[in-house]
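These notes are about the structure you will find just below.
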Amino acid sequence: MRLNKILVIILAVAFSAALFVGCDTEEQGWHHFEIKYIDTGVNSNSWAFIPAGEFFEGQFKNLNHLKKIDYDYEIMVTDVTNAQYAKYLNEALAAGKIKVDENKVLGFYPGDKYYGYRHERKINPGYYLYYPLEEPGDRIKFDGKIFTVDRGFENHPVVNVTWFGARGYCQFYGWRLPTELEWEKAARGPDFRAYPWGNEISPEYANYNLSNKKLRKILGVNHGITTPVGFFNGKKYGDFQTKDARSPYGLYDMAGNVWQWIADKYPKMSDRFMKGGSWMSYDIYLRIWARNSALPWYHDIDIGFRCARDVKNPEMISEEAKQSPTSGEKLEK
Amino acid sequence: MNFLKERFNYLFTSTKGLVLVAISMVSLVTAIWGTLSGPMVEWGVRDFTVRLLGMKLDPFFREGRIIMLYHSIAMAIIAIEVYFITSIVPMKRNHKVIINATVTVGYLTSMIFGLGFAYFGRNWILHGLFLFGLSLMFFTGILLAAALWPWKKEYYVKSPEYAHTKSGIDLERMAFFTMVVAALGSSLFGAIAGAYFGNGFETFLAENVVRMAYKPPLELAVIGHLHIMLTLIAIAITLVVGRWLDFKGIYHKIAMPLMIAGTIIVTLGVWTVVPFELIAHMIIYVGSVLVMLAALMLVIYGWKKLIRDRLNEQGIEKAGFWRGLKALLHDPIKFGPLWQMVFMNFTVSGVGIFMAIKLDEIFRVWQWREERVTLTGHWHVLASLIATIILMYYADIVGLKGKVRKWFGWTLIIASDIAFAGATVYSLKKLFVHPYYQEPFVNINMLFIDAGLGIVLVILAMLLIWRLVDLFKKHGLWKRELEHPELEVNYTSRNPEA
């Protein structure tokens with residue numbers, strides 16, 4: 001009899017706890033609030049020069065995975081920030097390139113070839129979701145005329161942006177999303193490593209599930225969140241000492257913080273891919289070859305992007321940029 | 001010297017001793033390797049384990065490590081099922097001894113050297129020994145299939161209560177035989193692909209390629225292999241539980257043909273995945289339904305039997321719903337395995353069917369990482385459910401009685417089911433809570449999962465410590481088990497060694 005009573009009590013406590021938490025989550029209004037602005041000293045408008053050449057893609061180091069990108073290109077040193085994306089939304093709205101309809105920022109996409117394969121979706125030419133407004137996790141608001149960013153989040157990576165929205169941003173400025181090969185080369189450099197900074201991982205290197213709890217005090221929040229771009233640069237914030245987590249080519253946040261949409265499309269499937277892992281990820285997703293994917297209209301609180309661009313006039317690239325300590329050119333030598 | 005010899009004889013020659021060794025090995029591996037993931041990482045336990053044991057966790061080889069860990073644990077579980085089968089299905093003693101010896105060397109070799117290779121420095125000799133262990137496991141399957149050959153007249157069924165053909169072929173024996181042959185073919189199905197990927201050490205986890213429109217045939221073979229092997233392990237334990245509870249009568253006669261047909265169809269369906277992926281799932285669904293119907297027959301029979309036996313004990317001829325329910329729940333150790341089979345429908349089959357129906361509408365809309373959590377969650381739960389069923393049978397074998405039996409049984413059922421329910425809810429969390437608000441939900445969920453699994457591990461540790469201490473006693477339980485080494489069941493046909 002006593003056993004039965006104990007069992008009933010255990011079940012009652014468990015049920016009540018679950019109910020309490022369920023109700024609690026509904027009550028919390030976490031979106032659109034202000035935090036303290038943290039200056040990381042990293043310029044989100046800067047680009048890294050990636051020289052043409054061979055590199056190892058993927059998880060396994062053998063000749064099958066030795067790939068060559070036979071052109072120079074540039075890639076953003078950081079993820080696109082909220083401030084940059086809000087600026088784009090304002091400019092694109094003024095230029096008539098996007099429209100706002102029922103709390104949704106929409107933009108045109110010319111469509112994909114449809115093969116009628118299993119699980120494949122028809123993506124016809126038309127207007128698609130770029131960025132949802134009033135979605136939990138958004139840091140960009142729209143007052144009917146202008147897009148603004150929640151204070152303190154200006155230099156955090158933009159999240160909740162769809163693949164269409166990421167592509168739209170890059171295209172608006174004449175750039176593009178990086179391909180997977182471009183992304184991996186930018187993250188790994190000319191040698192073979194698991195993470196952009198080397199082969200070890202600890203909370204001081206990146207914003208992922210293990211570090212996220214430690215960062216809350218510094219960020220002034222009580223839940224998981226992105227960090228400002230370039231946060232893991234060797235600086236000390238409060239009592240949290242970061243390590244310099246730049247990739248060999250000088251890119252920040254190529255592991256953790258937010259997943260990054262990439263350009264690649266595959267026939268017979270509609271999913272687009274992401275790289276790098278996020279603040280919600282286990283360390284396994286931060287490995288350079290790890291992937292995530294979703295439909296191009298999918299958005300989430302840990303998905304962002306960065307752009308790449310061709311080097312049309314190589315002479316325009318300064319010698320300083322080519323020879324910088326983090327330049328792959330120099331490392332290869 | 002005699003002290004060691006007697007204990008060695010018990011542990012490595014008696015069915016009960018062999019099962020104890022295998023359960024201990026799985027528990028040890030679970031206890032150590034369980035510290036490498038989940039909240040243990042956050043608490044710093046992983047780093048402690050890695051430093052203490054000198055493990056090498058190279059990020060490039062994680063997938064390979066995990067594949068070898070899964071295989072190591074799976075081999076021990078298969079060995080336990082083989083021990084059960086050689087004890088409860090009539091066969092010649094020399095067959096039984098050879099099979100048990102081969103499977104014991106097989107699983108220990110693959111487990112010890114497999115984990116040695118994967119986690120302690122990638123020495124190629126260890127990898128070779130791992131493969132040797134797997135080969136012995138395959139050879140065990142051949143021996144077992146031969147020993148179970150259902151067309152031997154000496155094993156024809158005489159009792160009208162057990163399912164048999166007109167000529168007398170034992171259909172339960174046939175079900176065991178079919179399962180073993182299916183497992184042999186399915187092992188090859190995986191081994192061919194494994195040899196290819198293992199040769200270049202370009203390993204991958206099946207859940208990582210699930211969304212790719214084009215999967216090479218060998219990737220499909222790997223995906224098929226892992227699904228069918230777990231299914232066959234589940235079929236095997238269902239048959240074992242049936243014999244433990246003396247499954248017979250009309251339900252037995254309905255269940256066995258269903259189980260045989262289901263095993264054949266689901267296996268062929270999985271093999272068909274490589275050449276005809278599009279229709280393979282339809283075949284698999286048909287086979288799965290038949291197997292699940294057979295399991296349902298066992299549950300109906302078993303629950304009726306538990307109620308009847310208890311009421312008989314109490315001298316009650318007729319009972320209402322509540323008294324019947326009380327009788328059903330009287331012995332958690334015998335109620336538990338059947339309940340876990342029912343519970344599986346909520347946490348594994350139900351989730352699987354829901355996913356299949358809503359795949360394009362819900363799960364393929366989410367980011368792949370979320371789908372992956374659901375995929376890995378549901379098969380982890382199935383594997384763990386099977387483990388709890390084995391533990392309950394083992395608790396019965398060692399003769400837990402009275403309050404200890406009740407406490408052990410109910411704690412195992414409730415704690416594991418809380419963990420499994422928690423894991424299921426966790427894997428489907430996006431259905432209930434927006435990712436932005438998930439953290440408190442996830443935290444409380446993890447609490448249930450960790451508490452449930454923790455309690456199961458604690459009571460398992462208590463059971464094993466008791467058995468360890470017992471081994472030091474001169475006339476301990478081990479001595480009685482050595483004198484009566486076989487599992488006590490009613491055989492479906494005459495046992496030449498009984």
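We name chains A, B, ... by the order of the sequence lines, and we start the count at 1 in each one.
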Below 4.5 Å from any heavy atom of chain B, which atoms of [X] appear? Answer side chain, backbone, both or neither.
{"X": "A:D271", "value": "side chain"}
{"X": "A:P267", "value": "backbone"}
{"X": "A:I201", "value": "neither"}
{"X": "A:N209", "value": "neither"}

Handout entry: Pick from A:Y266, A:Y285, A:W259 with the largest number of heavy-atom pairs that fall under 4.5 Å of chain B
Key = A:Y285
Problem - Max heavy-atom pair count under 4.5 Å with chain B, selected residue of A:E120, A:R121, A:H65, A:K61 - result: A:R121
With rounding to the nearest 0.5 Å, note down the distance linking [atom1] in [X] to [atom2] in [Y].
{"X": "B:L205", "Y": "A:I284", "atom1": "CG", "atom2": "CD1", "result": "8.0 Å"}
{"X": "A:D283", "Y": "B:L57", "atom1": "CG", "atom2": "CG", "result": "10.0 Å"}
{"X": "B:E439", "Y": "A:I225", "atom1": "CD", "atom2": "CD1", "result": "11.0 Å"}
{"X": "B:L359", "Y": "A:R118", "atom1": "CG", "atom2": "CZ", "result": "9.0 Å"}
{"X": "B:R372", "Y": "A:N292", "atom1": "CZ", "atom2": "CG", "result": "10.5 Å"}

Problem - Residues from residues 39-51 of chain B approaching chain A under 4.5 Å (heavy atoms) - result: B:V41, B:E42, B:R46
Specify the closest pair of heavy atoms between [X] and [Y], including all atoms of both residues, with the distance to one decimal.
{"X": "B:Q367", "Y": "A:A294", "value": "CA-CB, 3.8 Å"}
{"X": "B:Y436", "Y": "A:G137", "value": "CE1-CA, 3.3 Å"}
{"X": "B:A213", "Y": "A:K268", "value": "CB-O, 3.6 Å"}

Is the count of non-hydrogen atoms from other residues, nucleotides or ligands lying under 6.0 Å from [X] atom [atom1] greater than 12?
{"X": "B:R323", "atom1": "CZ", "value": "no"}
{"X": "A:K265", "atom1": "NZ", "value": "yes"}
{"X": "A:F240", "atom1": "CZ", "value": "yes"}
{"X": "B:W124", "atom1": "CH2", "value": "yes"}
{"X": "B:M462", "atom1": "CE", "value": "no"}
{"X": "A:E200", "atom1": "CD", "value": "no"}

Practice task
Could you pull out all residues at least two apart from A:Y195 that satisfy ring-ring contact (aromatic ring centres under 6.0 Å, His included)?
Solution key: A:W197
Exercise for the section: Would you please name every residue forming a ring-ring contact (aromatic ring centres under 6.0 Å, His included) with A:Y282, sequence neighbours left out? Expected result: none
Practice task
Using the salt bridge (Lys or Arg N to Asp or Glu O under 4.0 Å) rule, collect all pairs that involve residues 427-437 of chain B, keeping only residues at least two apart or in two chains.
Solution key: A:D300-B:K430, B:E370-B:K429
Handout entry: Region of B:T203 that comes under 4.5 Å of a non-hydrogen atom in chain A
Key = both
Practice task
Would you mind checking which part of B:L278 comes under 4.5 Å of any heavy atom in chain A, side chain (CB onward), backbone (N, CA, C, O), both or neither?
Solution key: side chain
Practice task
Say whether A:N64 and B:E202, considering side chains only, have a donor N or O and an acceptor N or O under 3.5 Å apart.
Solution key: no
Please check this pair: side chain of [X] against backbone of [Y], looking for a donor-acceptor N/O pair closer than 3.5 Å.
{"X": "B:R211", "Y": "A:S293", "value": "yes"}
{"X": "B:R364", "Y": "A:L295", "value": "no"}
{"X": "A:R287", "Y": "B:P59", "value": "yes"}

Problem - Intermediate values then yes/no, ring-ring contact (aromatic ring centres under 6.0 Å, His included), A:W289 and B:F60 - result: CA-CA 10 Å; A:W289 57 88; B:F60 294 99; 5.2 Å; yes
Exercise for the section: Would you mind telling me which of B:F61, B:F204, B:W366, B:W368 has the largest number of heavy-atom pairs within less than 4.5 Å of chain A? Expected result: B:W368
